[in-house]
Amino acid sequence: MNKKSYSLIELLFVLTLISIITASFYSNINFDKFQSNIDLATNRLILYLKQTRYQALIDNKAEQNQTKWHKKRWTLKFFECREKIGGLYYVIYTDKNMMGHPNKQESLKDPLSNKYIYSSNQCSVDNDTSKYVLLTKEFGIEKIDVSCKMDSSLGKISFGEDGFVYKKLSNNKNEHYKYKINKPCIIKLYDKNNNTREIVIEHTTGYIYQKPHKI
């Protein structure tokens, strides 16, 4: 079977996942007015992380004739806005051209709004990009820590078609399954009042949830 063709069962599976994600968005929107900005940012990030994981499961990037196909895995990566602008944002993308930096066309789309989950370091919102990626501008998040990061970036999480989570995608040939996380990865958000929220990504299952916080 051609790798890019879909069976009826696969198509139904994809539609079911999209329905679940969309329902989650509607559920959270109903409670927006009762939540603080840091909670809104946390909930949105959890939803987008789950969407990234689902996308990775249905979009197998394995290519036998490519020695670095693993670099195309679906990834959520955090960035800093330009120095004069300041702040944080994130992008969800697959590095199709393997150039190391995402562009809009490589980014995932929000299933509810059909907008790209993307921003440039200008940290501005276009008609076709989601404002929710702008952690500082939209939610007042001033700092983020990713426990499993292992390079100079703010942090990135990659999801595989095999169900595993990766803290880095190797630049070397045929290292497709290197850098799996071997313990839970924790993403910690801080706002200007030093309130914190923690998102946990389990290493064995890829399960994503918010760690309970003290009120």
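One is the number of the first residue; the rest follow in order along the sequence.
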Holding to side chain to side chain donor-acceptor pair (under 3.5 Å), I want the full list of residues that pass it with N182, two or more places apart in sequence or in another chain. none
Closest heavy-atom contact between [X] and [Y]?
{"X": "S130", "Y": "K115", "answer": "N-CB, 3.9 Å"}
{"X": "I141", "Y": "A41", "answer": "CG1-CB, 4.0 Å"}
{"X": "K149", "Y": "L154", "answer": "CD-O, 3.7 Å"}
{"X": "E198", "Y": "K188", "answer": "OE2-CE, 3.6 Å"}
{"X": "T136", "Y": "L88", "answer": "OG1-N, 2.8 Å"}

Can you tell me how the ring of Y177 sits relative to the ring of W69, calling it parallel under 30°, perpendicular over 60° and tilted otherwise?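 Correct class here is perpendicular.
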According to the interplanar angle, ranging from 0 to 90°, do the rings of Y90 and F78 count as parallel (below 30°), tilted (30 to 60°) or perpendicular (above 60°)? perpendicular
Is the number of heavy atoms from other residues, nucleotides or ligands within 6.0 Å of CG (N127) greater than 12? no
Taking atom CD of Q64 as the centre, report whether more than 12 heavy atoms of other residues, nucleotides or ligands fall under 6.0 Å from it.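 Check fails, neighbour count at 12 or below.
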Do side-chain atoms of E202 reach the backbone of Y209 as a donor and acceptor pair under 3.5 angstrom?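 Judged by distance alone, no pair lies under 3.5 Å.
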Within the distance-only criterion (no hydrogens, no angle test), does the side chain of T67 pair as donor or acceptor with the backbone N or O of K173 below 3.5 angstrom?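 No, because the side chain of T67 does not come within donor-acceptor range (under 3.5 Å) of the backbone of K173.
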Can you tell if the side chain of [X] reaches within under 4.5 Å of the side chain of [Y], non-hydrogen atoms only?
{"X": "I157", "Y": "C148", "value": "yes"}
{"X": "Q51", "Y": "P111", "value": "yes"}
{"X": "Q122", "Y": "R82", "value": "yes"}
{"X": "R53", "Y": "I201", "value": "no"}

For residues Y118 and E106, is any side-chain donor paired with an opposing acceptor at under 3.5 Å? no
Ignoring hydrogens and geometry beyond distance, is a side-chain donor-acceptor pair present between K68 and N171 at under 3.5 Å?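 K68 vs N171: no donor-acceptor pair found between side chains.
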Step by step, would you call Y48 with D110 a side chain to side chain donor-acceptor pair (under 3.5 Å)? CA-CA 8 Å; Y48 278 165; D110 182 319; 2.7 Å; yes
Tested for side-chain hydrogen bond (donor to acceptor under 3.5 Å, both in side chains) against W74, the lone hit among T94, D95, D59, T52 is D59
Distance-only donor-acceptor pairs under 3.5 Å for side chains of residues 159-168, two or more places apart:
{"unit_1": "E161", "atom_1": "OE1", "unit_2": "R73", "atom_2": "NE", "d": "3.4"}
{"unit_1": "D162", "atom_1": "OD1", "unit_2": "F164", "atom_2": "N", "d": "3.1"}
{"unit_1": "D162", "atom_1": "OD2", "unit_2": "Y166", "atom_2": "OH", "d": "2.6"}

